[in-house]
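Here the structure is laid out as structure tokens; the discussion comes afterwards.
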Amino acid sequence: MDVSYILDELNKPQREAVSAPPAPVLVLAGAGSGKTRVLVHRIAWLIEVEHVAPFSILSVTFTNKAAHEMRGRIEDLLGTPVGGMWVGTFHGLAHRLLRRHWQEAKLPQHFQILDSDDQLRLVKRAQRSLDLDDKLWPPRQAQWFINARKDEGVRPQYMQENGDINYLQMIRIYTAYEDLCKQSGVVDFGELLLRSLELIRDNPELQKHYQQRFRHILVDEFQDTNELQYAWLQLLSGASSPVFAVGDDDQSIYGWRGAKIENIQNFTRDYSSAITVKLEQNYRSTSNILDAANALIANNAGRLGKNLWTDDPDGELIKLYAAYNEIDEASYIAGQIHKWVEQGGKRDEIAILYRSNAQSRVFESQFIEQGIPYRVYGGQRFFERAEIKDALAYLRITANRDDDPSFERVVNQPTRGIGEKTVSVIRDYATQHSLSMWQASKEVVANGHLTARAGNAVNGFIELINEMADGIYELALHDQVRHVIASSKLKEHFLKKEGDEKGNNRVENLKELISASQAFEYKPEDEHANLDILTAFLSHAALEAGEGQGDPNEDSVQMMSMHSAKGLEFPQVFITGMEEGLFPHKNALEEAGRMEEERRLCYVAITRARQVLTLSYAEQRQLYGNTMYGIVPSKFIHEIPGSLIDEVRSQQVPTWNTFGSKRQNQSSYQSSNETGFSIGQRISHATFGEGVILDTEGAGSSARVQVNFDYEGSKWLVLAYANLSAI
DNA sequence: ATATAGAATCTTTTT
DNA sequence: GATTCTATAT
């Protein structure tokens with residue numbers, strides 16, 4: 001069999017890694033050096049040359065996106081589906097283990113997964129049961145504490161008091177929270193990993209089984225593994241199955257959630273026979289972009305040492321745009337997008353990156369105004385929307401009556417006369433008798449602890465859920481979802497409560513949930529073994545929160561946080577908000593090591609760009625409701641050699657008078673009120689039609705007017721693009 | 001019990 | 001700014 005296609009198109013170090021003997025291998029792969037490629041080809045090599053059965057291969061990634069891409073590329077390369085191979089995220093694979101062995105893991109068969117939102121609610125409830133004041137011990141902090149301990153593999157019963165009252169309270173909350181999870185049959189993200197680790201560790205037969213099964217384990221983004229994940233890998237690989245780890249210490253950006261760069265160093269210590277390969281040739285970016293990235297990251301101490309180089313030409317200089325404010329920043333970028341498209345570029349070749357998701361809003365409104373299609377990744381996700389979570393909670397409670405978080409979510413949604421007081425009676429009863437709220441509410445009604453009215457209402461709810469469960473029995477999944485949405489009366493509730501615009505939006509999303517369930521593929525032969533389709537779908541919803549909306553087929557600009565950009569590449573990249581305090585983020589100043597992580601994040605962002613890279617910052621910015629003045633450009637800008645930077649000037653550079661109070665305007669629109677239009681004036685717009693000016697604001701390139709259009713309602717428009725004409 | 005208004009609070013990144 | 005909690009009125 002001719003296997004040359006596996007090695008032919010690789011460079012020397014890539015080949016070395018792909019064809020390495022079956023020993024532990026550590027691949028230090030710089031950005032754009034063909035990391036995924038090496039992983040994919042390695043798997044092809046194992047299957048075709050080493051004759052390893054796909055069944056015996058375990059391949060772990062961090063994001064669902066990466067996992068899907070991995071499987072797709074392997075199948076493309078081999079030209080055949082590779083069923084039986086385990087490819088997925090740490091959490092996804094841990095989940096699979098727990099579903100298979102729910103009994104040994106001491107979980108109910110229909111355990112449900114908590115997302116961080118659900119988790120926070122449950123932490124709050126744990127705190128309330130301990131009579132701890134939310135003000136003194138913020139639930140978020142407790143949640144963070146719990147997750148950090150789980151990532152370290154520490155259970156509360158093994159934690160020692162150290163005299164610190166704060167620490168003691170945290171332990172108490174952690175304990176109470178675990179009890180609640182157990183009672184409700186729910187499992188959080190950290191628990192998936194920890195529980196599956198304990199499952200394998202404490203069941204020698206299972207351990208033997210899986211260690212024999214997985215002859216080869218491959219890990220992507222190894223620098224982002226935390227202690228628990230590393231232990232998980234070691235446990236599954238045992239003594240005999242070599243781990244093939246690919247990572248880049250310069251791209252470690254998840255230290256804040258427990259990722260340990262040290263795992264890379266430890267790897268060669270723990271596996272003394274490990275082969276290390278460095279991939280240093282970059283195939284992605286122009287020389288200028290790469291030089292900038294190298295210069296920047298050189299400011300970090302304690303790197304493993306890698307030097308990325310490329311054969312590619314210099315390319316364009318890196319553009320730097322100093323915007324007057326965040327609106328000007330967005331409108332400049334919108335202008336650049338127009339230019340790119342006019343020159344024949346596609347919009348989806350452009351990425352806009354920012355430090356925090358909140359920054360996307362300004363771009364969104366600007367792009368809507370200018371008719372630029374865009375797609376936002378991250379932020380509020382589909383399965384995290386309130387209406388979707390409501391519907392899912394109904395579904396969950398039909399699958400597992402004891403799911404307290406779901407119970408609390410929907411007992412009175414839509415309102416059915418079960419108020420806070422009734423709920424707290426049930427909650428207290430549940431806590432006292434170690435029951436789930438479902439069981440407690442039945443007993444409370446039977447014991448007559450409630451007024452007749454409240455008792456009736458609770459009974460009504462119990463009957464509703466039971467009827468729902470009966471009604472969806474043996475229906476197709478999408479009919480189950482449809483049925484539950486209908487009999488819960490959620491649609492009617494939202495329409496009545498939130499009016500047409502918002503309510504309709506929620507109704508649309510609920511319809512989309514039905515479509516999503518219809519499109520859900522059920523593969524009983526592997527991951528959801530012995531799992532009914534509803535539980536499988538609910539797990540899927542929790543583990544893959546789904547992207548925000550937006551038509552994936554439309555050619556649209558891609559907007560995302562720098563974190564979620566990792567692993568992706570784009571011909572043109574805008575890195576926005578390059579301002580001290582925003583990026584590097586102000587929280588990074590306090591803790592040691594955080595600044596270097598911010599710098600690595602910047603390195604990741606820069607190396608996403610293939611041809612054109614633009615950095616931008618604003619001199620003033622409205623953030624969290626108030627305007628920040630006197631913004632200092634990010635130190636990272638200064639860490640890039642000036643010779644690589646081309647400072648782009650706004651056509652109308654805002655200049656300040658001595659008092660810094662008012663901007664002069666050099667635009668052609670200049671007139672008495674700085675915009676050329678007066679309030680009350682009638683104007684016409686190409687797409688929105690005719691309207692009346694309501695207000696004006698700003699000047700120059702960021703001058704805006706508010707127009708009340710006859711048919712479209714009122715909108716803010718940037719004059720530089722809106723092209724309004726007076727009537 | 002519920003709807004509403006006003007106050008308080010929190011704003012980094014994600015499976 | 002937006003969400004989430006709290007106090008008050010219905």
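Proteins get letters first, then strands, A, B, ... in listed order; numbering begins at 1 in each.
The side chain of A:S564 places an N or O atom within less than 4.0 Å of a non-bridging phosphate oxygen (OP1 or OP2) of B:dT14. Applying the 4.0 Å criterion to OP1 and OP2 of B:dT9, one finds that A:R140 has every side-chain N and O outside that range. The shortest distance between the side-chain N/O atoms of A:N147 and the OP1/OP2 oxygens of B:dT14 is not below 4.0 Å. The side chain of A:K124 contributes no N or O atom lying less than 4.0 Å from OP1 or OP2 of C:dT4. When the side-chain nitrogen and oxygen atoms of A:T63 are compared with OP1 and OP2 of B:dT14, none of them lie within a distance under 4.0 Å.
Among residues two or more places apart in sequence or in another chain, the side chain to side chain donor-acceptor pair (under 3.5 Å) test is passed with A:E364 by A:S360, A:Y374. Remark: A:D428 engages no residue in a salt bridge (Lys or Arg N to Asp or Glu O under 4.0 Å) (not counting sequence neighbours). In this view, A:E221 and A:K35, A:K566 satisfy the salt bridge (Lys or Arg N to Asp or Glu O under 4.0 Å) rule, not counting sequence neighbours. Checked against ring pair (Phe, Tyr, Trp, His ring centres under 6.0 Å), A:Y177 has no partners two or more places apart in sequence or in another chain. The salt bridge (Lys or Arg N to Asp or Glu O under 4.0 Å) check on A:D390 picks up A:R409, with sequence neighbours excluded.
The aromatic ring of A:W256 is stacked on the base of B:dT13, with the two ring centres less than 5.5 Å apart and the planes inclined by under 30°.
Screening A:R381, A:K389, A:R385, A:R121 for a salt bridge (Lys or Arg N to Asp or Glu O under 4.0 Å) involving A:D115 leaves a single residue, A:K389.
The distance from atom CD of A:Q127 to atom P of C:dC5 is 13 Å, rounded to the nearest whole Å. Rounded to whole Å, the distance from CH2 on A:W144 to C1' on B:dT14 is 15 Å. Nucleotide B:dT15 holds its P atom 17 Å from the CH2 atom of A:W232, rounded to whole Å. If you measure from atom CD1 of A:I253 to atom C1' of B:dT13, you get 8 Å, rounded to the nearest angstrom. Remark: P of B:dT15 and CG of A:L228 are 17 Å apart, rounded to the nearest angstrom. Rounded to an integer number of Å, the gap from CZ of A:F189 to P of B:dT14 is 12 Å. Nucleotide B:dT15 holds its P atom 17 Å from the CG atom of A:L114, rounded to whole Å. Between the CZ atom of A:R381 and the C1' atom of B:dT13 there is a distance of 11 Å, given to the nearest Å.
Among the heavy atoms of the strands, none lies under 4.0 Å from A:D115. Within the 4.0 angstrom heavy-atom criterion, no nucleotide atom of any strand lies near A:F90.
For A:S356, taking side-chain heavy atoms from C-beta onward, the closest of the listed nucleotides C:dA2, B:dT15, B:dT13 is B:dT13.
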What does the list of N/O pairs under 3.5 Å between the protein and nucleotides 1-8 of chain B look like, with a distance for each?
unit_1, atom_1, unit_2, atom_2, d
B:dA1, OP1, A:T422, OG1, 2.9
B:dT2, OP1, A:G417, N, 2.5
B:dT2, OP2, A:N412, ND2, 3.0

Audit row: A:E544, A:K65, salt bridge (charged side-chain N to carboxylate O under 4.0 Å, His left out) steps and yes/no: CA-CA 9 Å; A:E544 301 195 31; A:K65 216 194 278 175; over 6 Å; no
